[in-house]
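As structure tokens, the structure follows; a few thoughts come after it.
A note on names: the letters A, B, ... follow the listed sequences, proteins ahead of strands, and every chain is numbered from 1.
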Amino acid sequence: MTFSRRSFLAGSSALALSAVPVIGRAQSDSIIFASILDLSGGLDIYGTAMADATALAIDDINAAGGLMGKQVTLKMYDAQSNIQFYTQYATQAAAGDRAATVHGGITSASREAIRPTLARFKTMYFYNTQYEGGVCDFNNFCTGSTPAQTVAKVVPYAMNKWGKKAYIIAADYNYGQIIAQWVERFVKEQGGEAVAVEFFPLDVTNFGPTINKIQQAKPDMVFSALVGGAHVSFYRQYAAAGMMKEIPIASTTFGIGNEHKLISAEEGNGLLAAYSYFEGVQNPENAAFLARMDAKFGDKRATMNELTVRSYEGAMLWAEAVKLAGSTDHAAVSAALKSGLVYNGPSGPITIDPQTNHAIQNVVLGELKDQEFNIVESFAAQPPADTQLVCDLKANPTLSTFYFENGLAAAGIK
Amino acid sequence: MDLVAAIGLQLAYVIANLALISLGLAIIFGMMRVINLAHGEFLMLGGYTVVVSTNAGVNIWVAMLILAPLVVGIIGVIVERLLIRWLYGRMVDTLLATWGLSLLLVGLVTSIFGASTGTTVAPPLGAIKIGTYSASGYELFLILITVLLLFLVWLTLRFTKLGLLARGTMQNAEMAASLGVSTSRIYMITFGLGAAVSGLAGGLLAPMTGVLPTIGATYIAKAFITVISGGSAILAGTAAGSVLLGGLNGIFSFVAGSTFGEIALLIAAIVLLRLMPRGITGRFFRKSL
């Protein structure tokens, strides 16, 4: 028998094609749930706890009998605080694992790296992190809180308490840049003034010159949107200069990396922040959740905050939608999520707003006292009013954009 | 006037901070020509020593000034015996080996203490008032101790027998060996001292910056830039490099913000190395240590 290149190619490609359905069948025994988070590198102060909470959610889903009679398998990817790995793993999860859904992304930069990829593969993407708002994507469900839900609550409270002049400091990437514009906007709406806005690269650890500038500007409060392990230095150095008692701080990020456990009680006392969850939230779901986290992780359990709890709730919300739809099919699950489906989690009830694919959720305002956030005010069922200004997925159900990419002014918000 | 004093103190602190994180590297890289990419992790280990020992009830001053250099110095000696001593004279290989060591140390510390550590070491000195401005008393202490540390290293290198043997060995190891010096021991001790100085620096900075397994990454680049800009004379070089780069960083941070401070530091280093490829002490203070 002669064996030509042509016949070899024809034969081997037929073999390759016939192999595909076999792989497909092997995978259909379980439903793949992929998670991409930073479990090492500078962002692991957020990522490891989020991964723990995700793992607990998958345990809970399987303990309750799985979905549609199948077990859910968690595929956990460590993006190592490196954007390049996000893109690579998103492609692998969507095309290689054929994941039913991908949850993850911590920084806005990582979200923007994987969002277009997952939209192209139509692999449903959950971004469970509080962020600056503005994503308008048929494929992307943003369950974290946004500025209109949290910052809009902290600013008036802080200004009533402390005064009109704010000094804004933020991390120098898209989250910090955009959130600084939101803070400025809310401060102006309350008749106040932002005396300065300053940005810091993520690896800055020396904040001395800024502390001098704050002393020179004499604001009534400092508004901080600093991110990551290195930036925790700011709070220590600020307290060491005796400033915590002079000019108080409100923050949009302090606490989600459990920064309040990294600095001493006297360094942090009096700081204000708003998220959709603090550990002190009182409801039976939260008590049960904390007990299960304790049972699974024991002493190693981190303090729970919005990021970790929402990683759990995001997974559970997706599971509830699959149950309602009776399928993991994109259109069916999406329709179920937008049908007004309510998931009662540790932070309270969560529903998806069909106009923006963002979560309608409870918000709590906390004041730091002895390394714990005491809840001073609660707000039920807050809509994502910021993203609603620009995004309408009801009118345009195929949109896949990020409206605040170039700032609020470019998105038509003054 | 108060503002000038407050900014002056802040500038002095930025400069001292740079000198402090660079000095251990100046000994290991500047003197021994070992490209130590695990330098940041030596600093990190110093910080963890302070955190762990203060949590165990040790006085913070003892932890910072004695335990941190001791522990990291011993780790340095172990690293030298197991890893570095096979690689003298092979700079690129030391780069790879110490990079691997750096990843290993970050991984080890993360798996022992977790990604973020519940550190509550506060700066042990209160705030000081300069008119209407206030600054951290601990920053003032760090400035003084950096000056003292530079002076001590200078005394050791200039006036002790160990200093003489170390300098001789680094200049010409074969000649030193033929004169009866155990160069292997000198290498080990010098590396250990470099590590100890890094450990001390890491311990001293822990209350200001906090400790994380990955905190080394924020120091390593600046330390290398400072030492390379400084040039071959390790003490005068580190001091001159810190004053120039730290000064520019501080001034630009104050005038235009931290981003521009970092940019100013990097541009200054690039321009400097273009004009003086052998660093500041390649042209000035050539006879100094």
Side-chain angles (χ1 to χ4, degrees), chain A residues 38-49 81 169 172 196-213 215-216 218 228-246 257-259 261-268 300 302-303 371, chain B residues 2-3 6-7 9-11 13-14 17-18 103 106-107 110 114-130 132-139 205 207-215 217-219 221-222 246 249-259 261-263:
Chain A
D38 302 298
L39 307 181
S40 52
L43 294 168
D44 58 6
I45 64 167
Y46 311 115
T48 40
S81 306
I169 54 177
D172 197 2
V197 185
E198 204 177 334
F199 297 101
F200 301 88
L202 286 175
D203 59 352
V204 167
T205 54
N206 183 18
F207 290 88
T210 303
I211 293 171
N212 274 349
K213 272 199 268 185
Q215 292 174 340
Q216 192 186 14
K218 297 189 179 60
H231 281 182
V232 179
S233 310
F234 170 78
Y235 304 103
R236 298 171 161 274
Q237 290 165 18
Y238 195 74
M243 294 298 294
M244 216 66 178
K245 292 173 204 82
E246 307 273 327
N258 291 335
E259 287 88 345
K261 303 289 177 186
L262 295 175
I263 66 173
S264 62
E266 56 271 28
E267 284 173 335
K300 291 219 151 190
T303 306
Q371 296 191 311
Chain B
D2 297 341
L3 179 64
I7 294 172
L9 180 71
Q10 202 40 245
L11 268 185
Y13 174 68
V14 175
N17 186 321
L18 212 50
L103 296 175
V106 172
T110 309
S116 58
T117 317
T119 60
T120 49
V121 272
L125 295 169
I128 45 170
K129 282 272 168 202
I130 310 170
T132 54
Y133 293 85
S134 61
S136 158
Y138 189 69
E139 287 182 4
L205 288 173
M208 290 301 282
T209 55
V211 203
L212 291 163
T214 50
I215 196 86
T218 61
Y219 298 129
K222 277 187 187 163
N249 178 298
I251 291 167
F252 275 86
S253 293
F254 187 81
V255 174
S258 270
T259 312
E262 304 281 296
I263 293 172

Interface check, chain B: of Ala239(A), Gly47(A), Pro209(A), most non-hydrogen pairs under 4.5 Å belong to Pro209(A)

Would you say that more than 12 heavy atoms from the other residues, nucleotides or ligands in this model lie under 6.0 Å from the CZ of Phe199(A), or not? yes

Examine whether an atom of Ala135(B) lies under 4.5 Å from a heavy atom of chain A, and if so say whether it belongs to the side chain, the backbone or both; otherwise answer neither. backbone

At a 4.5 Å cut-off on heavy atoms, which part of Asn212(A) comes close to chain B: side chain, backbone, both, or neither? both

Measure distances from Val106(B) to the heavy atoms of chain A and classify the residue's part below 4.5 Å as side chain, backbone, both or neither. neither

Would you mind telling me which of Glu198(A), Gln237(A), Gln216(A) has the largest number of heavy-atom pairs within less than 4.5 Å of chain B? Gln216(A)

Of the backbone (N, CA, C, O) and the side chain (C-beta and beyond), which part of Ser136(B) lies under 4.5 Å from a heavy atom of chain A, both, or neither? both

When you measure from the side chain of Asp38(A) to the backbone of Leu43(A), do you find a donor-acceptor pair of N or O atoms at a distance under 3.5 Å? no

Would you please indicate if the ring centroids of Phe207(A) and Phe200(A) are separated by under 6.0 Å? yes

With a 4.5 angstrom heavy-atom cut-off, which part of Tyr13(B) approaches chain A: side chain, backbone, both or neither? side chain

When you look at NZ of Lys218(A), are more than 12 heavy atoms from neighbouring residues, nucleotides or ligands closer to it than 6.0 Å? yes

Grab the two heavy atoms, one from Pro201(A) and one from Thr259(B), that are nearest each other, plus how far apart they are. CD-OG1, 3.7 Å

Between the side chain of Lys222(B) and the main-chain N/O of Gly246(B), is any donor-acceptor distance below 3.5 Å? no

